[in-house]
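Per chain, numbering begins at 1; letters A, B, ... match sequence-line order.
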Amino acid sequence: MDSRYDFKLSEEKIYKLWEEADAFNPDSVLKLRQNDADNPDSVLKLRQADAFNPDSKIELQKDKNNQPNKGTAVATGNKFSIVLPPPNANDPLHVGHAMYVVEDVMIRYHRMLGDDTLWIPGTDHAGIETQFVFEKKLKKEGKSRFNFDRKSLYQMIWQYVQENSEVAVDQLKKLGFSLDWSRFKFTLDEDIVAEVLETFQSLYRDGLIYRDFKLVNYCTKCGTSYSELEVDHVERIDPLYTIQYGPLQVSTVRPETIFGDVAIAVNPNDPRYKEYVGKHLEVEFPWGKKTMIVIADEYVDPKFGTGAVKVTPYHDANDFQMWETHKNEIIEQPIPVIDTSGKIINSPDKYNNLGVVNAREAVLKDYKSYKTAEGKSLLISVNEKYTHSVGTCYRCGRLIEPLPLPQFFIKVADDKINLVQNALNALDTNETKIFGAGREKILRHWLNNLKDWNISRQITWGISIPVWYKTDGNEENIIVNFLDKENQYQTGLLSDWLKTYSLEEIKQNIQSISANISVPYSVSVNEPTDGNYIQESDTFDTWFSSSQWPIVTLKTNNKSDFERFYPLSVMETGYDILPFWVMRMMMLGIYMTNKSPFENVYLHGLIRDEKGKKMSKSKGNVINPIEVKSEFGADALRMALIIRSTPGQDKSVGKPDFKAMRNLTNKTWNAARFIIMMTEEPHDKTVTENSPLDQEFDQKLNDIIVEVTQHFSNLKVGLAAEVVYNEFWHWFCDICIEKSKDGDVSLKKLSYGLITFLKLLHPFMPFVTETIWQELLEKKVVKNKLLIVSDWPTPVS
RNA sequence: GAACUUGUAGCUCAGUUGGUUAGAGCGCUUCGUUGACAUCGAAGAGGUCAGAGGUUCGAGUCCUCUCAAGUUCACCA
């Protein structure tokens, strides 16, 4: 053995060794162990050194007690299952993904324990993210999504993702993850999609799906709507304009929405405005006059501004709410005055087609120059330093535009089937336990305040919603966007285009459609045959399919997998996607199976740099796990991430940590090297057995095994790592090996200790420990062919 | 406005159901090492565990309050 451990020589080789043995597949593991026991080379043909092997010791004891020798494999009869949170198929891994090492550590421990252990890999199509990246690529080529019909665009993105999908998988392997690759799934695999569509239909049958014309959060840059959770609220300073509004005055930061106003609202108890309530007032604008009713609503705060609010139902969520409440009083019908591209519509000609920012300036300019017949200005005052918070797109950072669109929603708290309540119950009964500093309370808070979930996304890369609109008789209520015979983008009413194109031609080249809320639809995977239909062009929110991941991955693999491994033992992920993913997995999981999809949720913290600062590209402190791996080895990276980590708490790591753990791999290597050397050529003072401190040694080692095992079973992997590290280095190496040089600890105990520590260290540092194991195997010090499937140490009396 | 988390050595963090002299890595001081490892070893300095009060035989750990930092949510005409 070399005096230094060179991870570059072994990592790839060792991973291959495991893969070729099929050691990650629960269907093979038991066989592997049993086969090994049947191997004549490994049964009781012991050299002297083999007596040091705890495996053979147990066996010898068993033989003594006249028990049948079944080999070393101990099946506990328990199962242990995890599904990897699927990384984006076309993105390289970042440190967050490297934190999945927590899962590998748990998986390796349980596999060695003898549990029926499964870890399923997969990748996510990441609808919006991926389409966005792809569109950027198109832009570089001078094209956009409007140059392609739906089908072609989908095919192109599929191709693009395929080309890149090896990257993530390859990197997961580089980190040593013992995922069962034979069960790999992609969120757009046919069988997965079929399951997801079935869930949607089932939800629809149960009355939990509805289509509604509501204000949704729309990003005009990304061209799609979002759910409430995907909106980031940020503080901004904007001017607040107070304008004359008939006899009253109102304030607004968005004068460009004024064209969509339908009423004025005041607080019912405000003495200043009591006389106006219910009255129709004439309001003068620079572009004309309009009559509007005054309504009374508790929502209006009399202390804010003038205490009177203009009501713009289609471009403000609160106004929409007030309009719904007072629908019957308000005569004026609301109309959208901003479209999905962020341009003004349905307004005086001079403003139409302006973007919202330009429109605002234009409106203000006209207000400033306009004088009433009495010579007064309509612009009363401007507060330049008004602080408020606005919704922005979590991805591109642009302002979110509340727009009225017909979308599909999931009822989260239906009277009959209450998804939220079911999830809360699972928490109450401890069916699912949350590990992560106070995150359970946060999860409950989310659940208690959850709104219905908008699952429609106006993008192509995803699973199409299985909804068909009847075109017969509804041609005037459906807008189609498609490519004409010259491959030019066209938009307009279906009724108009049917004059020059057949419905089939339009459907073939469709980009998107927009059906009025009144158009009847049917829910089915295939096109209905009782007339002419056109399919909804929206796709599901990616989280809708991700939320079914634990179930659909198990159901689409081996038939028995679902029975065998559901619910998952652990769901491990970052706390940042608790509401997006974990919460929804619980809601849909319980809906689909009547069981919470996982017993434990382990939430790892964010990885920060060595100074505790958040990583960001602009700061240049981003750690690339693959770079760290090539410099220090996968084992060092893994150990550095896991040691002393606590669920729910952020973790700082940096070069000093990687270096320290790289040293640990080397220390392990050298401890093994020393013991092998001593076994082969003992020194003068070396004692092979019965040294004065041997009994003490056994006691201490037993204590360590018990302590580490306890930490594992309590999901305290960070602590387990710390204990193993300290005891291995500062007790086993610094004390025991040193004392053995004076004959105070016997070689027999050292060998036993080494093998035990290799096992205890293996979940954290699989490569170096397996590499050493292979050396020991060659020298017949150990018997099991692979450390990865050898038995977890038990205290020996 | 509210909730949650955090405050332990110079820095980054552990501390398992409350139990002797509070731990690790990095950094620092002194010394050692010609046969496991300088990617090493030994010895050491450095902490009234944010502050105050309480429960207890006993509190870093449980409770209350105060201060500070961070995260998130809600409102915002």
Options [options], nucleotide nearest the side-chain atoms of [X]:
{"X": "A:Tyr725", "options": "B:rC75, B:rA24, B:rC37", "answer": "B:rA24"}
{"X": "A:Leu719", "options": "B:rU5, B:rG15, B:rC26", "answer": "B:rG15"}
{"X": "A:Lys667", "options": "B:rC26, B:rA42, B:rC37", "answer": "B:rC37"}
{"X": "A:Asp734", "options": "B:rA14, B:rA42, B:rU71", "answer": "B:rA42"}

Think A:Lys451 forms a cation-pi with A:Trp453, using NZ or CZ under 6.0 Å from the six-ring centre and within 45 degrees of its axis?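 Not flagged: A:Lys451 not positioned over aromatic ring of A:Trp453.
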Does A:Lys748 qualify as a cation-pi partner of A:Phe697, given the criterion of NZ or CZ under 6.0 Å from the six-membered ring centre and within 45 degrees of its axis?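 Judged by the rule, A:Lys748 and A:Phe697 form no cation-pi pair.
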Taking only the [atom1] atom of each, what is the distance from [N] to [M] in whole angstrom?
{"N": "B:rA22", "M": "B:rA68", "atom1": "C1'", "value": "24 Å"}
{"N": "B:rC37", "M": "B:rA42", "atom1": "P", "value": "16 Å"}
{"N": "B:rG7", "M": "B:rG60", "atom1": "C1'", "value": "12 Å"}
{"N": "B:rA74", "M": "B:rA50", "atom1": "C1'", "value": "30 Å"}
{"N": "B:rA45", "M": "B:rU30", "atom1": "C1'", "value": "10 Å"}
{"N": "B:rA14", "M": "B:rC67", "atom1": "C1'", "value": "25 Å"}
{"N": "B:rC40", "M": "B:rG58", "atom1": "P", "value": "45 Å"}
{"N": "B:rC57", "M": "B:rC75", "atom1": "P", "value": "50 Å"}

Nearest whole angstrom, please: distance from the [atom2] of [N] to the [atom1] of [X].
{"X": "A:Tyr575", "N": "B:rC73", "atom1": "OH", "atom2": "C1'", "answer": "15 Å"}
{"X": "A:Asp576", "N": "B:rU72", "atom1": "CG", "atom2": "C1'", "answer": "12 Å"}
{"X": "A:Phe674", "N": "B:rG35", "atom1": "CZ", "atom2": "C1'", "answer": "9 Å"}
{"X": "A:Gln649", "N": "B:rA69", "atom1": "CD", "atom2": "C1'", "answer": "13 Å"}
{"X": "A:Asn666", "N": "B:rC40", "atom1": "CG", "atom2": "P", "answer": "8 Å"}
{"X": "A:Asp650", "N": "B:rA69", "atom1": "CG", "atom2": "C1'", "answer": "13 Å"}
{"X": "A:Leu606", "N": "B:rU6", "atom1": "CG", "atom2": "P", "answer": "16 Å"}
{"X": "A:Glu727", "N": "B:rG15", "atom1": "CD", "atom2": "P", "answer": "16 Å"}

Provide the Watson-Crick or G-U wobble partner of [N], both distances under 3.5 Å; none if there is no partner.
{"N": "B:rC28", "answer": "B:rG44"}
{"N": "B:rU55", "answer": "none"}
{"N": "B:rG60", "answer": "none"}
{"N": "B:rU20", "answer": "none"}
{"N": "B:rU72", "answer": "B:rA2"}
{"N": "B:rG35", "answer": "none"}

Do A:Glu440 and A:Arg444 sit within salt-bridge range, that is, some charged N less than 4.0 Å from a carboxylate O?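 Between A:Arg444 and A:Glu440 there is a salt bridge, with a charged N closer than 4.0 Å to a carboxylate O.
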OP1 or OP2 of [N] under 4.0 Å from side-chain N/O of [X]:
{"X": "A:His233", "N": "B:rA74", "value": "yes"}
{"X": "A:Ser3", "N": "B:rA36", "value": "no"}
{"X": "A:Asn670", "N": "B:rU39", "value": "no"}
{"X": "A:Lys741", "N": "B:rG35", "value": "no"}
{"X": "A:Trp729", "N": "B:rG41", "value": "yes"}
{"X": "A:Arg4", "N": "B:rU39", "value": "yes"}

With heavy atoms under 4.0 Å as the rule, sort [X] into base, sugar-phosphate or nothing.
{"X": "A:Asp319", "answer": "nothing"}
{"X": "A:Asn726", "answer": "sugar-phosphate"}
{"X": "A:Arg673", "answer": "sugar-phosphate"}
{"X": "A:Val653", "answer": "nothing"}
{"X": "A:Thr312", "answer": "nothing"}
{"X": "A:Ala671", "answer": "base"}
{"X": "A:Trp446", "answer": "sugar-phosphate"}
{"X": "A:Ile737", "answer": "base"}

Which comes earlier along RNA chain B counting from the 5' end, the contact point of A:Tyr5 or that of A:Glu722, where each point is its nearest nucleotide?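 Taking each residue's closest nucleotide, the earlier one in sequence belongs to A:Glu722.
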Does A:His711 or A:Arg608 map to a spot on RNA chain B nearer the 5' end, using the closest nucleotide for each?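 It is A:His711 whose nearest nucleotide is closer to the 5' end.
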Ignoring hydrogens and angles, are the base of B:rC4 and the side chain of A:Lys441 linked by a donor-acceptor pair under 3.5 Å?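 For A:Lys441, whose side chain was compared with the base of B:rC4, there is no donor-acceptor pair (under 3.5 Å).
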Ignoring hydrogens and angles, are the base of B:rA42 and the side chain of A:Glu738 linked by a donor-acceptor pair under 3.5 Å?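 For A:Glu738, whose side chain was compared with the base of B:rA42, there is no donor-acceptor pair (under 3.5 Å).
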Determine whether the side chains of A:Ser10 and A:Tyr5 contain a donor N or O and an acceptor N or O closer than 3.5 Å.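 A pair is found: one side chain offers a donor N or O, the other an acceptor, under 3.5 Å apart.
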Relative to each other, are the rings of A:Trp729 and A:Tyr725 parallel, tilted or perpendicular (30° and 60° limits)?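 Judged by the thresholds at 30° and 60°, the geometry between A:Trp729 and A:Tyr725 is tilted.
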Can you label the angle between the A:Tyr226 ring and the A:Tyr394 ring as parallel, tilted or perpendicular, going by 30° and 60°?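 Plane angle over 60°, so perpendicular.
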State, to 0.1 Å, how close A:Leu758 and A:Leu787 come at their nearest heavy-atom pair, and which atoms those are.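 Heavy atoms of A:Leu758 and A:Leu787 come nearest at O-CD2, 3.9 Å.
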Determine whether the aromatic ring centres of A:Tyr245 and A:Phe285 lie less than 6.0 Å apart.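 For A:Tyr245 and A:Phe285, the ring centres are under 6.0 Å apart.
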Looking at A:Thr257, is its backbone amide N or carbonyl O close enough to the side chain of A:Arg360 to form a donor-acceptor pair, meaning the two atoms are under 3.5 Å apart?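 Flag not set: sc A:Arg360 to bb A:Thr257 has no pair under 3.5 Å.
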